Amino acid sequence: MVLHGNELRDKVLEKYSAKVYRNRKQHVLSIDPEASNEITANVRTIPGIITQRGCCYAGCKGVVLGPMSDNAIIVHGPIGCSFYTWGTRRHKQVETDRHGEHADCYVEYCFSTDMQEPNIVFGGEKKLKKAIEECMAIYKPKMLSICSTCPVGLIGDDIHAIAKWAREEYPGLMCIAFSCEGYKGVTQSAGHHIASNQIIRFIVGTGDHKPQKKFSVNILGEYNIGGDGWEIERILNRCGIEVVSAMTGTSCYRDMKNAHLADLNLVQCHRSINYVADMMKDKYGMDWIKVNFIGVNATKKSIRAIGAYFNDPELSARIEEVIADEENTIADEMEYYKSKLKGKTAAIYVGGSRSHHYQLLLQDLGMSTVLAGYEFAHRDDYEGRRVIPDIKVDADSKNIENLKIEADENLYNPDRITPEHRAELEANEDIDLNDYQGMYPDMEEGSIIADDLNHFETEEFLKALKPDVFFSGIKDKFVVQKAGMLSRQIHSYDYQGPYTCFQGAARFGHDLVMGLYVPAWSFIKAPWKNQATLVGKLGGEV
Ligand code: CFM
């Protein structure tokens, strides 16, 4: 008998003990339009279960701070923590800022204080100061971040006092400390919040480089994986929209200082950076709209929403021209890929926003998503921001500082658009003004949602749902491949990309067709599972 929906969920989870079953049941559900579909998310993983999640330090140092090109990051902790984040998640960078001037690029570097046992016993502050002095003598960065890892939090080195010392010691240096010890919160999501707080406290609002064009935006939650951000900027620039800063792919400290001078914030990855969007709304009165540049239809909807916000007929006309031209360029290719992919199914399990975004690109290609889940999303990423007031704040979340933001005396401007126009935008269902509806509305009835999916559940759902492709990460892709199925990494894109906007959609179609029509994974069954490899007879037989 083929099971579906919650029956399938119950069958997969029934192998657990009663306690684990009760816990996991709150994280896995099947979309039912009649039910509330409330999910449990952003809580601790059950000890012993192999999760795909990362830590707070990964979210702060690796995800949000990592792509900033001119930011030299000193990891204050044992060398292992640095080794783990040495290298990038394919966030590409260049050595110029948005005004074409040279900006340092430290993206490939990893500085570490290499804490040893005596430093843990007697404190590591001296070692950290020395590391700053060395870094300043050799590289002279304009921005220097200190990221502390678990042992430093436990022994209590005052990294914030040291950052202050460095700012005084080296005039012109922006040195910022991030208390992003791995144990904070329950996942890397805590690190996103900690990084966002310091970005608002120390960076945004300190520059005075005004945008040159009539319409200007920041792109928040876009990290330029595989060049995604460059493609988005190419499209926006074609439309006549200036990008003041991106946070934090394709960007640097020098650009981000000016972010408050843009007209509008675009939020691509809601999970990692909604904090900055909210704080900039409170501090500068700047609106944000939720966009998605993954998928042809999603991109069209997003740029039209930007046009609607600015409410300028010339801009809207230019946007339509760009859409027509870009669509025309990829039309034949998309038609071909659609013919190869139509009717195929997918499962997607990634961090905190792509499991939603990529469903729309798959829809463009005629595919449907039978399972989607997040490693560290919060309830609002699944169910929409309307549930935020109902989310119980537990001890793990209370641990993360919530900045109290006041309107900036000189720069606060809530009247960037007229009240009438605001009312129009709020009534327009195609525009998410200062809002995000979450992943649910784009999912089909009966499809499975799984929060904090683990290896065991991955295997079981794959057996039952048999998707044609599983979009996964580096840790779970082996489970998928061993099951004889195609896996495409949707974090790093398996050395491909960009996948954004129009040309990116065609490139994604190409890579997917290539993966699906190479029959490599059907040869995966070990020979001894198909035929006996030992030939012999039982002892005593004549
Ligand atoms: Fe945002 Fe990201 Fe994601 Fe994320 Fe990430 Fe990433 Fe991701 Mo990997 S910021 S939540 S912490 S879109 S690294 S660029 S792919 S898990 S879905």
Side-chain angles (χ1 to χ4, degrees), residues 41-42 51-68 84-85 87-93 107 180 182 185-196 199 219-232 246-251 266-277 290-295 298 347-361 369 372-378 380-382 436 438-439 450-453 471-477 487-500 504 508:
N42 191 36
T51 174
Q52 315 299 320
R53 291 167 152 184
C55 70
C56 174
Y57 158 73
C60 179
K61 190 271 178 191
V63 173
V64 180
L65 301 179
M68 291 173 70
Y84 171 64
T85 49
T88 75
R89 66 197 198 288
R90 299 193 67 243
H91 42 247
K92 298 182 174 271
Q93 269 298 2
V107 163
C180 56
V186 292
T187 63
Q188 52 267 63
S189 169
H192 303 150
H193 196 164
I194 289 165
S196 297
I199 286 172
I219 312 172
L220 307 187
E222 167 42 59
Y223 300 93
N224 204 25
I225 311 297
D228 272 359
W230 286 333
E231 185 59 10
I232 298 171
M247 296 193 199
T248 53
T250 70
S251 216
L266 311 179
V267 173
Q268 170 75 13
C269 168
H270 174 264
R271 179 64 270 136
S272 62
I273 212 137
N274 73 90
Y275 316 96
V276 168
K290 176 70 186 75
V291 290
N292 174 19
F293 292 107
I294 303 287
I348 319 178
Y349 182 69
V350 225
S353 77
R354 294 187 172 184
S355 302
H356 179 194
H357 293 157
Y358 274 85
Q359 290 190 45
L360 295 150
L361 176 47
T369 303
Y374 285 133
E375 291 172 26
F376 51 77
H378 299 199
D380 37 314
D381 303 298
Y382 293 100
Y436 176 42
M439 174 160 77
D451 179 70
D452 192 15
L453 193 71
F471 293 99
S472 62
I474 189 73
K475 287 173 273 184
D476 40 354
K477 79 166 192 175
S487 151
R488 297 287 312 170
Q489 279 195 72
I490 217 66
H491 300 254
S492 68
Y493 300 162
D494 292 310
Y495 313 104
Q496 299 293 337
Y499 287 154
T500 38
F508 179 83

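Nothing here was measured: the structure is a model prediction, and the numbers come from that model. Both ligands and their constituent atoms are indexed starting at 1 by order of listing.
With a 6.0 Å cutoff to the six-membered ring centre and a 45° limit on the axis angle, Arg89 counts as a cation-pi contact of Tyr223.
Within ligand 1, the atoms closer than 4.0 Å to a non-hydrogen atom of Ser272 are 1 (Fe), 9 (S), numbered from 1 in the order shown. Distances below 4.0 Å separate heavy atoms of Val63 from the following atoms of ligand 1: 9 (S), 11 (S).
The closest side-chain donor-acceptor pair between Asn274 and Tyr436, if any, does not fall under 3.5 angstrom. In summary, the side chains of Thr250 and Asn224 do not present any donor paired with an acceptor at a separation below 3.5 Å, with no hydrogens or angles considered.
Leu453 and Tyr349 make their closest contact through N-OH, 3.0 Å (heavy atoms, listed as atom of the first residue, atom of the second, distance). Here the closest non-hydrogen pair linking Ile294 and Gln268 is CG1-NE2, 3.8 Å.
If you look at Ser353 next to ligand 1, the close heavy atoms, those under 4.0 Å, come from the backbone and the side chain alike. In Tyr374, neither the side chain nor the backbone holds a heavy atom less than 4.0 Å from any atom of ligand 1.
Residue contacts with ligand 1 leave out Gly221, since none of its heavy atoms falls under 4.0 Å from the ligand.
In this structure, the protein non-hydrogen atom closest to atom 4 (Fe) of ligand 1 is Phe376 CZ, 3.7 Å. If you check which protein heavy atom lies closest to atom 1 (Fe) of ligand 1, you get Cys269 SG, 2.2 Å. Remark: minimum distance from atom 2 (Fe) of ligand 1 to any protein heavy atom is reached at Tyr223 CD1, 4.0 Å. Annotation: atom 10 (S) of ligand 1 to nearest protein heavy atom, Gly352 N, 3.3 Å.
Contact check for Val350 versus Phe376: no side-chain heavy atoms found under the 4.5 Å cut-off.
Taking the six-membered ring where tryptophan is involved, the planes of Tyr358 and Phe508 are tilted, since the angle between them lies from 30° to 60°.
Of the listed residues (His91, Arg354, Arg271), the one carrying the non-hydrogen atom nearest atom 14 (S) of ligand 1 is Arg354. Distances from atom 8 (Mo) of ligand 1 to the heavy atoms of His192, Gln268, Arg89, His491 show the closest one on His491.
Salt-bridge formation is not detected for the pair Asp228/Lys92: no Lys NZ or Arg NE/NH1/NH2 atom is positioned less than 4.0 Å from an Asp or Glu carboxylate oxygen.
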